[in-house]
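Below is one structure, written out as structure tokens; the observations come after it.
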Amino acid sequence: MSDMEAAIKPKSDQLNADDLITGPRTITIAGVDVKASPEQPVSVRYEGDGGKPWKPCKSMCRVMVEAWGADSSQYAGQRLTLYRDPEVTFGGMKVGGIRIAAMSDIDRDMRAVLTVSRAKRATVTIKRLDPAFDKAQPTAEAIQEAVD
């Protein structure tokens with residue numbers, strides 16, 4: 001075996017940033033579970049998740065609500081391109097996190113203003129996934145452009 005990807009997969013019950021070290025991934029949502037819990041209340045199940053749902057942070061949940069509305073039962077079949085953002089911090093330390101680079105079912109690229117910290121906000125661009133290409137993924141350059 002020469003593929004190192006299998007060797008570096010983290011042992012976890014959810015998709016995490018280290019799963020995306022090898023590059024962005026476009027997923028198709030199978031369903032969303034929302035729980036009345038302050039810690040990771042949202043679990044996004046997706047096709048081929050292997051029992052490891054994506055548990056988006058509050059900012060990414062806000063992006064989905066802004067793009068698709070608050071009724072998560074309508075998200076099944078929607079697609080997202082997720083990428084690892086190494087600049088995400090937790091407890092003052094850069095740990096990396098999962099961000100949305102592109103979404104299906106939006107009319108055009110969208111801009112969202114997200115909270116980075118209590119006193120800081122940042123504008124991000126979410127690319128539109130072209131509906132003509134079922135497995136379309138933005139290029140690494142397009143993702144970097146959206147992050148900058």
Side-chain angles (χ1 to χ4, degrees), residues 1-110 112 114-116 122 124-148:
M1 178 167 102
S2 60
D3 184 4
M4 291 286 290
E5 190 170 356
I8 64 171
K9 284 188 178 182
K11 292 181 180 178
S12 177
D13 65 345
Q14 67 186 28
L15 182 71
N16 62 50
D18 288 343
D19 289 311
L20 302 175
I21 285 175
T22 57
R25 182 183 306 174
T26 298
I27 63 171
T28 301
I29 296 173
V32 178
D33 300 318
V34 181
K35 298 175 184 155
S37 164
E39 294 296 318
Q40 297 184 305
V42 178
S43 292
V44 177
R45 292 175 283 108
Y46 57 93
E47 294 176 7
D49 70 5
K52 290 175 61 169
W54 172 47
K55 296 182 179 180
C57 66
K58 198 169 290 227
S59 291
M60 295 302 97
C61 288
R62 289 179 178 138
V63 167
M64 290 187 290
V65 168
E66 186 174 333
W68 295 333
D71 184 359
S72 65
S73 69
Q74 301 299 307
Y75 294 2
Q78 310 282 41
R79 293 177 301 120
L80 299 167
T81 298
L82 305 174
Y83 72 99
R84 181 182 188 277
D85 180 354
E87 298 301 311
V88 171
T89 60
F90 183 77
M93 189 169 132
K94 286 185 182 180
V95 295
I98 298 174
R99 298 290 188 241
I100 299 171
M103 300 176 80
S104 67
D105 299 283
I106 57 176
D107 294 334
R108 59 188 161 297
D109 293 357
M110 66 179 262
L114 303 174
T115 302
V116 175
V124 297
T125 301
I126 307 298
K127 298 290 185 181
R128 177 180 175 265
L129 278 174
D130 189 338
F133 301 100
D134 191 34
K135 299 291 183 188
Q137 289 193 19
T139 63
E141 292 80 21
I143 290 172
Q144 189 59 47
E145 203 176 283
V147 172
D148 292 338

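Quick note: numbers below take in every heavy atom, side chains included, and nothing from hydrogens, waters or symmetry partners.
Between R84 and D18, some side-chain heavy-atom pair lies under the 4.5 Å cut-off. Residues L82 and L15 meet the side-chain proximity criterion, which asks for heavy atoms closer than 4.5 Å. The side-chain heavy atoms of R99 and V124, taken from C-beta on, include no pair separated by under 4.5 Å. Side chains of Q40 and K35 form no contact here, defined as non-hydrogen atoms less than 4.5 Å apart. M60 has its side chain out of reach of V42: every pair of non-hydrogen atoms, C-beta onward, lies at least 4.5 Å apart.
Considering T81, I100, D109, I106 as possible partners of K127, the one that fulfils the side chain to side chain contact (heavy atoms under 4.5 Å, CB included) test is D109. Screening I29, I98, N16 for a side chain to side chain contact (heavy atoms under 4.5 Å, CB included) with W54, the sole residue that qualifies is I98.
Contact detail for S72 and V34: the closest heavy-atom pair is OG-CG2, 3.8 Å. Residue S104 comes nearest to W68 through the heavy atom pair O-NE1, 2.9 Å, listed as atom of the first residue, atom of the second, then distance. The heavy-atom pair separating P41 from S37 by the smallest distance is CB-O, 3.0 Å. The two residues T28 and G77 make their nearest non-hydrogen contact at CG2-O, 3.9 Å. Between A112 and V63 the shortest heavy-atom distance is CB-CG2, 4.3 Å. Minimum interatomic distance between Y75 and G69 (heavy atoms only, all atoms of both residues): OH-O, 2.5 Å.
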Derivation and outcome, side chain to side chain contact (heavy atoms under 4.5 Å, CB included), residues V32 and M64
CA-CA 12 Å; V32 178; M64 290 187 290; over 6 Å; no
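The NZ atom of K52 sits 13.5 Å away from atom OG of S43, with the distance rounded to the nearest 0.5 Å. Atom CG of L20 is separated from atom CZ of R25 by 5.5 Å, given to the nearest 0.5 angstrom. Rounding to the nearest 0.5 angstrom, the gap separating the CD atom in Q14 from the CG atom in D19 is 9.0 Å. Between atom CD of residue Q78 and atom CG of residue D105 there is a gap of 4.0 Å, rounded to the nearest 0.5 Å.
Heavy-atom contacts from other residues, nucleotides or ligands closer than 6.0 Å to CG of D107 number 12 or fewer.
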